[in-house]
Number of protein chains: 2
Amino acid sequence: MAKYLNQKPILVAVDCIIFGYDGEHLKLLVIKRAIEPIKDQWSLMGGFVGENEDLNGAAKRILLELTGLHDVYLEQFCAYGNPERDPIERTISIAYFALIDINKYSKQINDQYHAEWFKLKEIPALIFDHDEMVRSALAKIRYQAALHPILFELLPKKFTIPQLQTLYEQVYDSPIDNRNFIRKITASGLLIKQTEKDKSSSKRGAFYFKLDRQKHRSQFQSFLNFIR
Amino acid sequence: MAKYLNQKPILVAVDCIIFGYDGEHLKLLVIKRAIEPIKDQWSLMGGFVGENEDLNGAAKRILLELTGLHDVYLEQFCAYGNPERDPIERTISIAYFALIDINKYSKQINDQYHAEWFKLKEIPALIFDHDEMVRSALAKIRYQAALHPILFELLPKKFTIPQLQTLYEQVYDSPIDNRNFIRKITASGLLIKQTEKDKSSSKRGAFYFKLDRQKHRSQFQSFLNFIR
DNA sequence: GCAAAAGTGTTTTCTATACACCCATGT
DNA sequence: ACATGGGTGTATAGAAAACACTTTTGC
């Protein structure tokens, strides 16, 4: 087969910016590199794209290796290609953000990576351009979440309105009026009220809701304006 | 310097989806490949990322080669990495869309590429996954233009409201009420009315406007909702 | 005088926002 | 009985949408 001549191939990596929410705080999952080079520094979870792998496939694989999770919400948001970004060897990186239900994550599955969750305001310095990736992943999530119902991906199947509201407040780092919030959320028709309550965080208890998966899919592209 | 071992590098290309507007129709610029392999087929303008070049730099260079233009609005929107996407050799491609003032473009500058403008509904089949790139570039532009004032990039320095409205109608492929359109546009405060008129398209003539570059920059991130 | 495109206002509906109190329950 | 978090309604202001006629002027 013919080949392109005189072109220099480049290493291609995928990095995952993994967000989780524990019902109280929005958190980022990072790993401490256990191997040289640059051992013991905090880093995003990443890896090289394999020979017969597409980009999404590589991102899924990497996420599976770290978290043990399939079927995670993953979105490609930027390619980084500064020639100096990785001092070891020229590498371009395709960045994905992932939104996972933190309750499904179990550390044990892959503690070979020394993964750790950090609250957004307590993230340590990361290698390479990973700090910038985190900043722009967060900006992208704010942008997307203002228009599309993506934050449900961070919640368990059953969740309460106060949990959901706190999540939005975390993402936008600002308080939300809860009457207006409930009005918008219920107007969206995306939630199905359950009969059980979560009594873990108050005496009265808060009703559980489930996401209406069908409506969620069909309304995903319509702009929702949850936040302004 | 230490290197990553056992990793297979991949060719990295940039492809530009170049949109232009002639005051009447939104158009796409494509080239007829003059060289083997796959000679004489329609293609987007692309090229490989150089050894000391970042991704935006490569996109700018490629755009300059084809159009002779600097300072073009360019936005990276997706990386394509299917292992089969380029049958000649494994290549990943970082796709950018460009919005250019078609009046500034002059064919002569680089007719080595046999470039040609096509109306959106008359685009020929393109090689590789370029058809898909065009589709998603257009979707991205619709998305962006609904929220940010990017379509001015397609217009000359002085333009008329009817031209602007026709542009929006082309992008969204749907008619817009011109009283409501003018209200929104003037409310945005982005336009500065000129004293001259464009008499080329009507007897009465339409006033020229200029973009208020300062406001344009400062309001870029605020969501404008030009279209719903 | 007429054809062709530019420009102009009003009404109605909907959506966003601001705001404060009662409810249910475990201790 | 009281402390804690959950849940509820209304009034106002602003934005979007629907809608049709008059103006200018070159021919």
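Order of the sequence lines fixes the chain letters, A, B, ..., with proteins taken first and strands second; residue numbering starts at 1 for each chain.
In this structure, Tyr208(B) places its OH atom 12 Å from P of dG7(C), rounding to the nearest Å. Atom-to-atom, CD1 of Ile182(A) to P of dA16(C) comes out at 16 Å; the value is rounded to the nearest Å. The CG atom of Leu164(B) sits 15 Å away from the C1' atom of dG7(C) (whole-angstrom rounding). Summarising the geometry, the separation between CD on Gln165(A) and C1' on dT8(D) is reported as 14 Å, rounded to the nearest angstrom. In this structure, the CZ atom of Phe207(A) is 10 Å from the C1' atom of dG6(D), given to the nearest Å. Between the CD atom of Gln163(B) and the C1' atom of dA5(C) there is a distance of 13 Å, given to the nearest Å. Taking atom CD1 of Ile176(A) as the reference point, atom P of dC19(C) lies 17 Å away to the nearest angstrom. Here the C1' atom of nucleotide dA24(C) and the CG atom of Asp198(A) are 15 Å apart, to the nearest Å.
For the salt bridge (charged side-chain N to carboxylate O under 4.0 Å, His left out) test, residues two or more places apart in sequence or in another chain that qualify with Asp129(A) are Arg85(A). Listed by chain and residue number, nothing satisfies the salt bridge (charged side-chain N to carboxylate O under 4.0 Å, His left out) test with Glu24(A) (two or more places apart in sequence, or in another chain). With sequence neighbours left out, Arg183(A) forms a salt bridge (charged side-chain N to carboxylate O under 4.0 Å, His left out) with no residue at all. Scored by the salt bridge (charged side-chain N to carboxylate O under 4.0 Å, His left out) test, Asp22(B) finds Lys27(B) as partners (sequence neighbours excluded).
For Tyr80(B) and Ser136(B), the side-chain atoms include at least one donor-acceptor pair closer than 3.5 Å.
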Mind listing the side-chain donor-acceptor pairs of residues 116-124 of chain B below 3.5 Å, one per line with the distance, residues two or more places apart or on another chain?
residue	atom	partner	partner atom	Å
Lys121(B)	NZ	Asp173(B)	OD1	3.2
Lys121(B)	NZ	Asp173(B)	OD2	3.4

* Structure fact -> Scoring nucleotides 19-27 of chain D by protein non-hydrogen atoms under 4.0 Å (B base, S sugar-phosphate only, - none) yields BB--BBBB-
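Nucleic acid contact class of Ser201(A) (heavy atoms, under 4.0 Å, all strands): sugar-phosphate only.
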